[in-house]
Amino acid sequence: MSSRGRLALFLLGAAGVAVLFATAFLGMPAFGSEDHPYRDLAVPAAVRHATANVVSSVNFDQRGIDTFGEETIVLGSVIGVAALLRPAQRESEQRPPPDRHRLESTTLLGYVLLPVTLVVGLDVVAHGHVSPGGGFQGGVILATGFHLLYLAGSYQALARLRPVEIFDRGEALGAGLFGVLGAAGLAATGAFLANVIPTGSFGQLFSGGTVPVLNVLVGLEVSCGAVVLLTHFFTEAITLSVGGRRERGGGT
Amino acid sequence: MTPLIVMSLALVAVLGTAVVLTNEPERQAVTLSLFGLSLTVLFVVLQGPDVALSQLGVGAAVVPLMVMLAIRRMRRDQEREADGRGEAGE
Amino acid sequence: MNLYAYGVAGWLLLVGAFGVVRSANLVHAVVSLSVAQSGTYVLLLCVGYQRAAGAPVFGSTLRPSTRVTDPVVQAMTLTDIVVSATVTALLLATAVQVHKQQGTVDPNRLSALKG
Amino acid sequence: MTSGTAAHLMPLAIAVPVLVACLMVAAGSRLPHHVLDLLGVATSLTVCALAAVVLTRSADGRVVTWNGDWRPKRGVSVGIPLVADSLSAGTALLIAGLMSCALLYSWRYYSPVRGYYHALMLLFLAGMEGFVLSGDLFDMFVFFELMGIAAYALTGLKIEDPTAVQGGLNFGIVNSLGAYFSLAGIGVLYARHGQLGLAPLGQRLTEHRADALTVVALVVIVTCFLVKAAVVPFHFWLPDAHAVAPAPVCVLFSGVMVELGLYGAFRVFWTVFGSAVPHDDIRGAFLPAGVLTAVVGALMCFAQSHLKRMLAYSTIAHVGLFTTGLATLTPEGTAGVALYAAAHAGVKSALFLLVGVILARHGHVDELKLHGCGRDARFVSWLYFAAGAALAGLPPFGTALGKSVTEEALTRAGHPWGPAVFVAVSALTGGAVLRAGFRIYLGAGPAPDAGGPVAIAAQTTGIEEHRETEQLSRTPRTMYAAVLLLLAGGLAVGVLPGAGRAFDHAAEGFTDPRGYAAAVLFGTAPAVGSPHHESTWTAQGVVLGCVSTAAAVLLAAAAVRAPRAPDARRARLRPFLRSLAAVRALHSGHVGDYAAWLLFGMTALAALVGVLPVDG
């Protein structure tokens, strides 16, 4: 199709979809209304299981299997990226020499920020059931923290700090234990991912039953997974492929 | 609807459009990051701190970083190829 | 009012799709796709918003009551953000690979699949 | 064993493959190849066993389990149920069975890519099982995405093949875009009804008059399922992805993933919208969509010389037939389609694996270039022709039974054109497959260098396809075993006594939203009503099956004999050929085109369903 034809087809379709959306939006309850039936069930349910952060309760307790699926998606994407970015057979790789010139202040900033982000990340993971945050958010912060080293200095320092196999294993461990805890619930009460740990008292560090445990597992998985993902992309960015692309007629 | 919500929604709409209209991939990584930040602001305003926190990490930092790295890889290959052609021509 | 708040969500979805359609670079297409997905975050959070209600995280300042924004849509959005990040990562990796093989990421110049 | 125990097994069908995949990742590249193979096959067989137990239990009524033990009180719950009726449990069994065959086929000779291949396959299995068993709209979306992630990565796995990665990318972008629109639809429905479970949403909708919002939500939500099901015009990604994915992965794509799209669309329709949206509106949209899909798929199939693309378009054609059958919205039509899809899974998978065998031996999959290459392969050629004839609807294969039952359901529902479409589409798709068989195994027709140019440059031929294994001088037994198992499965659906009855029962449960809601929300298990109709062989069905097979053989023979028709006939065919070329040119491999078609398709679907509120 010519690019004009494509655009015409799209505009036709988009106009129709815009009409559909407008029709639907006009029929929805007013923005900011008080009508939230699921919320009215979810909040008391979270309180019953002594989980102060209701979003965490929904994520890890009430609709835990969604999150199990989500963590499996993270695992799948990390495996997928690793498989897609594996060095091809006819591609020999070159690493650039390690002399990267950085400003002193950037280096210093990186090294100073590293411990700070790690502490913040761990805190966000640990308190995910009582305050905003949780395993996912904390995990991402932790993974970003590691990559401040890139900002701070050389790729080599980063490479030393993250042997990919260990992070791979950490990620698989997090995702696997999530499933194991779910199966434990199945064995104990007959329901997958049942909240089998005593729920404790509302708002405390030890409350919410399985919620903080799952938060830690997700934190482990997401931080390791994100580090592995970024490592693959970093490696791509600094690697040259030699004779990588297959010659094709017509290609440029 | 408070003015704050109106404004942050408008900001999100404008920056989202800007990301799509940025044709140059390098610049797009930057606009994407700004768009991620505007979403973070919107989520804070809409009383979703959990969502805002992960949007901050993912949308404003990790994803733009990956985009930048992917583009850098492609650029390097292209430059190398251009060099190779230059050498071959000599 | 509905039309404005939800309209922004719908706009992001459509503008993201527009980006995919007119894209001359697969990385640009993948990024546009993630813009389309952010439309769903905006829609979900707008659906869960309640005027003058707090965040659904109770603690010393906020006693448990139901005058909070909807935690369910927020949990859904969290999942959605993870999905977005992982799909984007995977598709970017694929785009890098397309570039290695075909030397271009312009869909107008990719010619491997036709008919 | 009580149905309670069976209920406990359902989450395991999802969790076990995930756990084994984690184990593979944790072990890294240290697991030897045969251990990976063994773990993969053993895990899929375990899931088969779990699904089989659930299936036997579900015969007495639906099996329900609430994750996290959030059982509903007075019909409301905050949790997510897994629900198995006979149809979902049967599909779960089919998924695991196909996965076992695919992994058996790839045994030893497929590169494990450091274990990534096996781990991704198991995650794909978990995603499909979760999708088919879930009783919650958003949870379905999550498992849909899990399926997707694994599928995109598996498609692009052959990174040295330039087409593979592009096919994976087209697949990923189009499917994701569809999924995001659907998620917006879920958001719209949630805003109105505050529920995400299929059963509670269905209950809420019974109390509300269907208005424009409901219909928009239906259209937008089913979009992602129709993209997965490759219904025209959402189908463009499918040939790209199938042409490039490794053969065992194609088995899962064509055998069950695409059909899961239809399963999702009609599951959601029946349980959520069944009582609110007038059934005639749905028929009015899905019958034409099905017929269009079937015709486009069949014509494109016949025009291919790339064997995997040919099979891919044949899948589109069959999906069109399935859509037409399901769109009758009757238990008979549903039973016929379930039979047809189950047998099709066996037959089509066997064909994909046989093409995989060709690729392993000859290093490409171009029909014309393969001319005469298979003359020495007696046994394989018999398998290939059997599968081709089964695809065309030869009794007593299950495909013929499913086709016949669906045809009769269409006729009974007042669509007498149904059988004609089914016969024509079966003949064209079966004919294309047989034509390739005549050329490859019998060396029929002129050799390629005598017959003019091998292929037109503007189209994808199978010449560039990359090998998936090392070059095999003889085909390993495990590959034969997988093909034989699949063909036997396709035959068993047709000849096992009682198969028809079982599918009738499954269809009766699938089309009964009230029973579904009662079982899920109130734990009552009303016995599934006894079917009014028995799906079995009829004289008419056998005759039509033989007719379509004979037509397929004739078409194949004619195509092989006369690659260049006499000028007079050619002139008469010119308008037809020109329009075929135009349709073919639309399949451009350009992801922007595909995205534009996606939006256009949504609009067209909404127009067909009729978005404006309908009274009564």
Side-chain angles (χ1 to χ4, degrees), chain A residues 30-32 53-59 74 77 81 84-85 91 94 96 117 120-121 124-125 128-129 131-145 147-148 150-151 218 222-223 225-227 229-245 247 251-252, chain B residues 1-6 8-10 13 17 20-21 23 25-26 29 32-33 36-37 39-40 42-88:
Chain A
F31 178 79
N53 182 346
V54 188
V55 180
S56 279
S57 172
V58 173
N59 256 331
V74 173
S77 124
V81 169
L84 286 166
L85 294 184
E91 181 183 20
Q94 280 183 352
T117 32
V120 170
V124 169
V125 173
H129 55 303
S131 64
F136 183 72
Q137 294 90 335
V140 172
I141 295 177
L142 284 174
T144 331
H147 286 84
L148 282 172
Y150 179 76
L151 189 77
V218 168
V222 169
S223 56
V227 167
L229 272 183
L230 287 171
T231 303
H232 284 298
F233 278 98
F234 267 109
T235 313
E236 277 301 317
I238 65 147
T239 306
L240 284 175
S241 64
V242 177
R245 188 168 71 80
E247 290 310 316
T252 328
Chain B
M1 190 182 288
T2 66
L4 213 52
I5 298 180
V6 175
S8 37
L9 275 170
T17 314
V20 168
L21 294 183
N23 282 328
E26 282 93 343
L32 181 67
S33 181
L37 280 175
L39 280 171
T40 309
L42 175 69
F43 297 163
V44 170
V45 172
L46 289 175
Q47 296 293 334
D50 287 83
V51 188
L53 200 52
S54 53
Q55 176 61 31
L56 184 65
V58 173
V62 174
V63 171
L65 183 60
M66 287 192 298
V67 172
M68 203 188 77
L69 293 171
I71 294 164
R72 178 174 293 191
R73 166 68 201 232
M74 296 176 185
R75 279 279 175 272
R76 287 179 81 100
D77 276 3
Q78 264 165 7
E79 281 161 17
R80 208 191 126 265
E81 200 163 289
D83 288 352
R85 203 166 297 135
E87 280 161 28

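In what follows, chains carry the letters A, B, and so on, assigned in the order in which the sequence lines appear, proteins first and then strands, with residues in each chain numbered from 1. A quick note: this is a predicted structure, and the numbers were derived from the prediction, not measured.
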Whatever's closer than 4.5 Å to a heavy atom in chain B on A:N59 counts as neither
Practice prompt. Residue by residue, scan residues 133-143 of chain A and write down, ordered by number, those that have a heavy-atom distance under 4.5 Å to chain B; if none do, write 'none'.
Written response: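 Checking residues 133-143 of chain A against chain B gives A:G133, A:F136, A:Q137, A:V140.
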- Inspect the contact between B:E26 and B:R72 and indicate whether a charged nitrogen and a carboxylate oxygen are less than 4.0 angstrom apart.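 No, this pair does not count.
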**Prompt:** Are B:M68 and B:L65 side-chain neighbours, meaning at least one heavy-atom pair lies under 4.5 Å?
**Reply:**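 Contact flag for B:M68/B:L65 side chains = yes.
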Query raised in the report: Under 4.5 Å between any side-chain heavy atoms of B:T2 and B:V6, yes or no?
Result: no
_Is there a side-chain contact (heavy atoms from CB on, under 4.5 Å) between B:M66 and A:L230? Walk through the geometry before answering._
CA-CA 7 Å; B:M66 287 192 298; A:L230 287 171; 3.7 Å; yes
Which region of B:L53, side chain (C-beta onward) or backbone (N, CA, C, O), has a non-hydrogen atom less than 4.5 Å from a non-hydrogen atom of chain A, or is it both or neither?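 Both parts, heavy atoms under 4.5 Å.
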Whatever's closer than 4.5 Å to a heavy atom in chain A on B:L46 counts as side chain
- prompt: Any sub-3.5 Å donor-acceptor pair from A:N53's side-chain atoms to A:S131's backbone N or O?
  reply: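 Checking the backbone N and O of A:S131 against the side chain of A:N53, a donor-acceptor pair under 3.5 Å is found.
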Report task. With B:L56 as reference, evaluate B:T40, B:L39, B:V62 under the side-chain contact (heavy atoms from CB on, under 4.5 Å) test and give the passing residue. Result ->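 Among B:T40, B:L39, B:V62, the one that satisfies the side-chain contact (heavy atoms from CB on, under 4.5 Å) with B:L56 is B:T40.
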Q. So which of B:V51, B:D50, B:V44 actually passes side-chain contact (heavy atoms from CB on, under 4.5 Å) with A:P132?
A.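 With A:P132 as partner, side-chain contact (heavy atoms from CB on, under 4.5 Å) holds for just one option, B:D50.
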Self-check item: Most contacts with chain A, counted as non-hydrogen pairs under 4.5 angstrom, among B:A52, B:S54, B:G57
Solution: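 Highest number of heavy-atom pairs under 4.5 Å: B:S54.
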In terms of heavy-atom contacts, A:T144 and B:A61 come closest through CG2-CB, 4.5 Å
